[in-house]
S.K.: 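Sending over a structure as structure tokens; questions will come in a sec.
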Amino acid sequence: MNINVTPITEEQKIDFTTTTLDTLKTGQLGEIIAISRACHGQQRRRMMDLGVLPGTEISVEMESLGGDPIAYFIRGTTIALRRNQAKVIHVKPIMEN
């Protein structure tokens with residue numbers, strides 16, 4: 001068995017400042033980095049259809065009284081996601097000036 005090792009590029013480096021969408025607070029803005037591999041099939045397709053794509057900005061608009069679901073503003077529209085759905089979306093928080 002042969003194993004080849006090559007240096008990783010800047011794009012492949014892991015950014016440890018990322019978190020999941022469910023950890024953002026109301027009013028906070030984030031940039032979508034990726035959808036977890038744990039999300040696949042129809043659920044992954046639905047996320048992508050809603051505009052959950054890498055590079056897209058998303059903000060937390062409001063939480064329901066029970067804290068689930070949560071309303072997010074993405075690509076000019078508001079969507080509601082349950083916490084377990086938001087946990088599979090990796091985001092990079094954006095600090096506003």
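As the structure is a computational prediction, the values presented were derived from the model and not from experiment.
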S.K.: Work out which heavy atom in Cys39 is nearest to a heavy atom in Arg44; give both atom names and the distance.
M.R.: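 Minimum heavy-atom separation between Cys39 and Arg44: O-NH1, 2.8 Å.
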S.K.: What's the spacing between Gln85 CD and Thr20 OG1 if we round to 0.5 Å?
M.R.: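 Between Gln85 CD and Thr20 OG1, I get 13.5 Å after rounding to 0.5 Å.
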S.K.: Can you tell me which residue pairs pass the side chain to side chain donor-acceptor pair (under 3.5 Å) test with a partner in residues 69-84, sequence neighbours excluded?
M.R.: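 Side chain to side chain donor-acceptor pair (under 3.5 Å) check on residues 69-84 returns Thr56-Arg75, Glu63-Arg83.
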S.K.: In Å and rounded to the nearest 0.5 Å, what is the CD1 to OG distance from Ile70 to Ser64?
M.R.: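 Reported value, rounded in 0.5 Å steps: 7.5 Å.
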S.K.: Please tell me whether Met48 and Ile89 are part of a single hydrophobic cluster in this structure, the criterion being side-chain heavy atoms less than 4.5 Å apart.
M.R.: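 Result: yes, single cluster for both.
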S.K.: How far does CD1 of Ile35 sit from CD of Gln43, to the nearest 0.5 angstrom?
M.R.: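 Those atoms lie 9.0 Å apart.
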S.K.: Are Leu53 and Val88 co-members of a hydrophobic cluster defined by side-chain heavy atoms under 4.5 Å apart?
M.R.: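 Val88 clusters together with Leu53.
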S.K.: Looking only at heavy atoms, which two atoms of His90 and Ser36 are closest? And how far apart?
M.R.: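 His90 and Ser36 have their closest heavy atoms at NE2-CB, 3.7 Å.
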S.K.: Are Leu29 and Phe73 in one and the same hydrophobic cluster, where Ile, Leu, Val, Met, Phe, Trp and Tyr link if side-chain heavy atoms are under 4.5 Å apart?
M.R.: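 As far as the 4.5 Å side-chain criterion goes, Phe73 and Leu29 are not connected within one cluster.
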S.K.: Can you get from Leu50 to Leu24 by hopping between Ile, Leu, Val, Met, Phe, Trp and Tyr side chains that sit under 4.5 Å apart?
M.R.: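 Same cluster: Leu50 reaches Leu24 through Ile, Leu, Val, Met, Phe, Trp or Tyr contacts under 4.5 Å.
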S.K.: Taking all heavy atoms of Val91 and all of Ile58, pick out the closest pair and write down the distance.
M.R.: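 The answer is CG1-CG2, 4.3 Å.
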S.K.: Got a second to check how far Lys92's NZ is from Ile32's CD1, nearest 0.5 Å?
M.R.: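 Result: 14.0 Å between the selected atoms.
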S.K.: Could you give the distance from CD1 (Ile74) to CG (Leu81), rounded to the nearest 0.5 Å?
M.R.: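 If we round to the nearest 0.5 Å, Ile74:CD1 and Leu81:CG are 8.5 Å apart.
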S.K.: Atom OG1 of Thr19 and atom CD of Gln28: how far apart are they, to the nearest 0.5 Å?
M.R.: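 That separation rounds to 9.0 Å.
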S.K.: Does Ser59 form a side-chain hydrogen bond (donor to acceptor under 3.5 Å, both in side chains) with Glu57? I'd like the steps, not just the answer.
M.R.: CA-CA 7 Å; Ser59 64; Glu57 287 187 0; over 6 Å; no
